[in-house]
Number of protein chains: 4
Amino acid sequence: MVGNKSGDKYGLILEAAVKVFAENGYHNSQVSKIASEAGVADGTIYLYFQNKKDILISLFREKMGNFIEQVKRELEELSDPVAKLKRLIELHFSHLEADKNLATVIQIQLRQSDPEIRSAITGPLKEYFRLMEEILAEGKASGCFYPDIDVRLARSMIFGTLDEVATCWVLSRRDYRLSDQVEEVFRLLVRGLAVNSKLPSG
Amino acid sequence: MVGNKSGDKYGLILEAAVKVFAENGYHNSQVSKIASEAGVADGTIYLYFQNKKDILISLFREKMGNFIEQVKRELEELSDPVAKLKRLIELHFSHLEADKNLATVIQIQLRQSDPEIRSAITGPLKEYFRLMEEILAEGKASGCFYPDIDVRLARSMIFGTLDEVATCWVLSRRDYRLSDQVEEVFRLLVRGLAVNSKLPSG
Amino acid sequence: MVGNKSGDKYGLILEAAVKVFAENGYHNSQVSKIASEAGVADGTIYLYFQNKKDILISLFREKMGNFIEQVKRELEELSDPVAKLKRLIELHFSHLEADKNLATVIQIQLRQSDPEIRSAITGPLKEYFRLMEEILAEGKASGCFYPDIDVRLARSMIFGTLDEVATCWVLSRRDYRLSDQVEEVFRLLVRGLAVNSKLPSG
Amino acid sequence: MVGNKSGDKYGLILEAAVKVFAENGYHNSQVSKIASEAGVADGTIYLYFQNKKDILISLFREKMGNFIEQVKRELEELSDPVAKLKRLIELHFSHLEADKNLATVIQIQLRQSDPEIRSAITGPLKEYFRLMEEILAEGKASGCFYPDIDVRLARSMIFGTLDEVATCWVLSRRDYRLSDQVEEVFRLLVRGLAVNSKLPSG
DNA sequence: TATGAATGAGATTTCATTCAT
DNA sequence: CATGAATGAAATCTCATTCAT
C-alpha cells in the first residue's frame with residue numbers, strides 16, 4: 001500500500017517522475033522521458049494521470065500526504081511543544097534526506113507558478129502549516145513560548161528556515177548530511193521562540 | 001515616472017517582462033506577449049537581449065544589483081549589528097513591496113530549475129548572503145550575538161524567514177502591508193540571535 | 001509502384017522531399033510543404049529525420065548509395081576499360097533520366113555550400129570518383145589509355161563532362177532525352193583517353 | 001572605372017560580398033555581415049542594390065562581364081583554334097586563381113536554384129559558352145577538329161571539365177596552383193577534339 | 001489495459017528590408 | 001547620400017496528447 005513499486009504502474013510512473021523531474025526540472029521533463037524511465041509506453045501515462053501537471057500534483061499529494069501523516073502520528077506521542085518542534089525538524093530533514101530526488105523536486109521543482117499546480121499543492125502544505133501552528137499555539141498556551149509571538153509569522157520562520165536550509169543542502173553537492181544540522185537549527189529556532197531556552201541538552 | 005525613461009527600450013522591455021512574468025509565469029510568458037506589453041516589435045526584444053532566458057536573468061541582475069547596492073550603503077551607516085539586522089529586514093520588505101510584480105517574479109518565477117538561470121542568479125544572491133553573514137559575524141565578534149551560532153545556518157534562518165514571509169504575502173491577495181511585519185519578524189529573529197534581546201523598544 | 005511502399009513514411013517523405021526540393025530549391029522548401037506533399041503532419045517528419053538538412057543528406061545518401069552499388073555491380077561484369085567507361089556513361093544518364101526531380105536535386109540543389117551538407121555528400125561521391133579512377137588506372141595499365149594521363153584530372157574531365165551535360169539537360173525544358181547523348185559524349189571522352197580510338201562502331 | 005575600391009561604395013560592397021559569400025555561402029551571408037565587412041551601414045546597401053539577390057547577380061555580372069571581355073580580346077589576337085582553346089584554359093584558371101574568394105563564389109555559391117538568380121546569370125554565362133562554341137565551330141571548319149563533334153556537347157565537355165577541375169581546387173585546401181594544371185587539362189581536352197593532336201610542345 | 005506512431009498547435013528566433021533622422 | 005534601430009513575417013522544431021490497434 002505504501003511501498004509502491006513492482007507491478008503497479010501508477011507507483012512506477014511516480015517514482016520515474018521524481019527522478020526525471022529532479023534531474024531535469026519540471027519544464028524540461030518530457031512525458032516520454034518519464035515513460036521510458038518507468039518502462040511503460042507514453043500512452044500508458046495517460047491511463048493513470050490526466051496530464052503532465054497531474055503527475056506532479058499526484059506526486060506531491062502522495063509523498064507529502066504520507067509525510068504529514070507520519071509527522072502527525074509522531075507528534076501525537078509527545079506533549080512538550082519544544083520536544084514537538086525538535087521532532088518536527090528531525091522528521092523534516094530525515095524525510096528529505098531519505099529520498100534526495102524527492103527532496104529536489106519538493107524544494108525546487110514545486111516552486112512553480114502555474115496556478116493549478118500551486119492550488120493543488122496548497123492542500124497538503126496547509127495541513128503541514130497547521131501542524132506547525134498547533135505546536136506554536138500550544139507553546140504559547142502552556143507558557144513555554146513567548147506570549148507575544150505571532151503564530152503565522154513564527155510558522156513562516158520555522159518553515160522558511162527549514163526550507164532554506166534544505167534548499168542549500170540540495171543545491172550544494174550534498175556532501176554533508178542534512179540530519180546533522182537538526183541540533184543547530186533547533187537551537188536557532190527555539191531561542192527565538194521559547195522563553196526559557198536553557199536548551200534541553202542533546 | 002514609473003521607472004522607464006521613455007525611449008529607453010531596454011528598460012521598457014524589462015518593465016514589461018516583469019509584468020508579464022508576474023502575471024503568467026516565466027514558462028507561460030511568450031516573448032511576443034512581452035513585446036506587445038512593451039509596445040515594441042517581437043524582433044526588437046532580440047536587439048537588447050540574447051534570448052528569453054536572458055530577459056529573466058538581466059531583470060534579476062539589474063534589480064537585485066541595485067537593491068544590494070542600496071542595502072550595502074545603508075548598512076555602512078550603521079554600526080550596531082542588531083540595528084543592521086533590523087534595517088536589512090526593512091529594506092528587504094520595502095523593496096519587494098515597492099514593486100509587487102517584481103516581488104512575484106523574484107519570489108515565484110525565479111525559483112526555476114534551469115541551470116543557466118540558477119547560476120546567473122547565484123552571483124548577486126551570494127553577495128546578499130555575504131552581507132547577512134557579515135552582520136552575523138560582527139554580532140558574534142562584538143558579543144551581542146550568541147557565540148555558538150553557526151553563521152551559515154543563521155543566515156539561512158534570516159533569509160529563509162524573510163523569503164517565506166514574502167512568499168506568503170505575494171501568494172495572499174496582498175491585502176496587508178508587508179512592511180507592517182517588519183517589527184514582528186525582527187523580534188522573532190533577534191531573539192534567536194541576540195544575547196540580550198531586551199528588544200529596542202520599536 | 002513509384003518506389004514508395006505505401007505505409008512506409010520514411011520513403012514517402014523522401015519522395016516528397018525530392019519533388020519539393022526540385023520544384024522550389026532547398027532553401028525555399030519549407031518542411032511543412034514537404035510534410036503536406038507527403039501527406040503527413042509536420043511533426044512526423046521529425047520522427048524520421050533529425051532536421052531539414054538531414055532530409056537532404058539522407059536523400060542523397062540513399063539514392064546515390066543505390067546508384068553506386070548498381071554501377072559497381074555492372075562494371076564488375078565487364079573487363080574492357082573502354083566498355084566500362086561507356087557503361088558508366090549510360091548508367092549515369094539513365095539514372096538521372098529515370099527520376100527527373102531527383103536529377104534536379106542532385107544537379108542543382110545539392111550544390112550548396114553548407115559545410116555539413118558538403119561533408120555528408122563527400123562519402124558517396126568519393127566512392128563514385130574512385131570507381132572512375134579505377135577504370136582509368138586499368139586502362140593505363142592495359143595500355144589502351146594514354147600512359148601520360150593524370151588519373152585525377154581525367155576523372156575530373158569525365159565527371160565534369162557528365163555533370164555539365166546533365167545540368168544542361170535539367171535546365172533545359174528537358175525536351176530531349178539525356179540517354180540519346182550517351183554515344184556522342186562517349187566518343188568525345190574516349191578520344192581524349194584511348195590510344196586507338198577506332199571507336200567501337202556503336 | 002574597372003578597379004573599384006577606395007571611396008566608391010558600390011565597389012566596396014561588391015568586394016565585401018565576394019568575401020562574405022565565399023566564406024559563408026549565399027544563404028548564410030547576412031546583409032548586415034556584408035555591410036559591416038564593407039564598412040557601411042546596413043541601409044546603405046539598399047542605396048546601391050535592390051536587395052540581397054541583386055548583390056549576387058551584380059557581382060556575377062560585373063566580374064563575369066569583365067572576364068568575358070578580357071577573354072574575347074585575347075582570343076581575337078589568335079587565329080588557331082587549338083591555340084585559342086589553350087589560351088581560354090589559361091585565362092579561365094588564372095582568373096579564378098587571381099581571386100580565390102571570387103572563385104569560390106562562382107564555383108559554389110552561384111549554383112543556386114533561385115530562378116531569378118539563375119536567369120540573371122544566364123546572360124554572361126551564355127556569352128562565355130558562345131565563345132567556346134565559336135572556337136569549336138572554327139576548329140571544325142578549318143579541319144583541325146573532328147568533323148563529327150557536336151559543338152554543344154563538346155562545349156559542355158570543355159566547360160564541365162574546367163569547372164570540375166576548378167571546383168576540386170576550391171574545395172581542396174588549395175595547396176597547389178590551379179594554373180599548373182593548364183597543360184595537362186589542355187592535353188586531355190585537345191586529344192578528344194583535335195584530329196592531329198601531336199600536341200604543340202609547350 | 002497497453003502501446004507508440006502520429007499529430008499539429010504553438011513558441012522562439014532570424015534577418016531582409018524600411019524609414020525617420 | 002548615409003545611417004542603423006526597428007520591424008514583423010516567416011520558418012524550424014518540440015512535445016503533450018490522442019487513438020487505432
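Proteins come first, then strands; the chains are lettered A, B, ... in the order of their sequence lines, and each starts at number 1.
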**Student:** Determine whether more than 12 heavy atoms belonging to other residues, nucleotides or ligands lie under 6.0 Å from atom NZ of Lys19(A).
**Tutor:** no
**Student:** Does dT21(E) have a Watson-Crick or wobble mate here (both distances under 3.5 Å), and if so which one?
**Tutor:**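 dA2(F) is the nucleotide pairing with dT21(E).
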**Student:** Between dT7(E), dA2(E), dT3(F), which one does the side chain of Thr44(C) approach most closely?
**Tutor:** dT7(E)
**Student:** Using the side-chain heavy atoms of Ala41(C), tell me which of these nucleotides is nearest: dA16(E), dT3(E), dG8(E).
**Tutor:**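 Out of dA16(E), dT3(E), dG8(E), the nucleotide with an atom closest to Ala41(C)'s side chain is dG8(E).
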**Student:** Does this structure show an ion pair linking Lys100(D) with Glu23(D), if we count only N-O contacts that are shorter than 4.0 Å?
**Tutor:**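 Salt bridge flag = no for Glu23(D) with Lys100(D).
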**Student:** The side chain of Leu47(B) is closest to which nucleotide in this list: dT17(E), dT7(E), dA5(F)?
**Tutor:**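 Closest of the options to the side chain of Leu47(B): dA5(F).
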**Student:** What's the closest nucleotide to the Lys52(A) side chain, out of dA2(E), dA6(F), dA16(F)?
**Tutor:**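 For Lys52(A), the side-chain atoms sit closest to dA16(F).
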**Student:** Considering only side-chain heavy atoms of Tyr46(C), which listed nucleotide, dC13(F), dC1(F), dT3(E), is closest?
**Tutor:**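 Between dC13(F), dC1(F), dT3(E), the one nearest the side chain of Tyr46(C) would be dC13(F).
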**Student:** So if I take every side-chain heavy atom of Gln30(D) and compare against dA2(E), dT14(F), dA16(E), which nucleotide ends up nearest?
**Tutor:**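 For the Gln30(D) side chain, the nearest candidate turns out to be dA16(E).
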**Student:** Side chain of Lys9(D), heavy atoms from C-beta onward: which of dC13(F), dA2(F), dA6(E) has the nearest atom to it?
**Tutor:** dA2(F)
**Student:** Rounded to whole angstrom units, what separation is found between the CZ atom of Phe49(C) and the C1' atom of dA6(E)?
**Tutor:**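 About 15 Å, once rounded to whole Å.
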**Student:** On DNA chain F, does the nearest nucleotide to Asp42(C) precede the nearest nucleotide to Val40(B) from the 5' side, or the other way round? Give the residue.
**Tutor:** Val40(B)
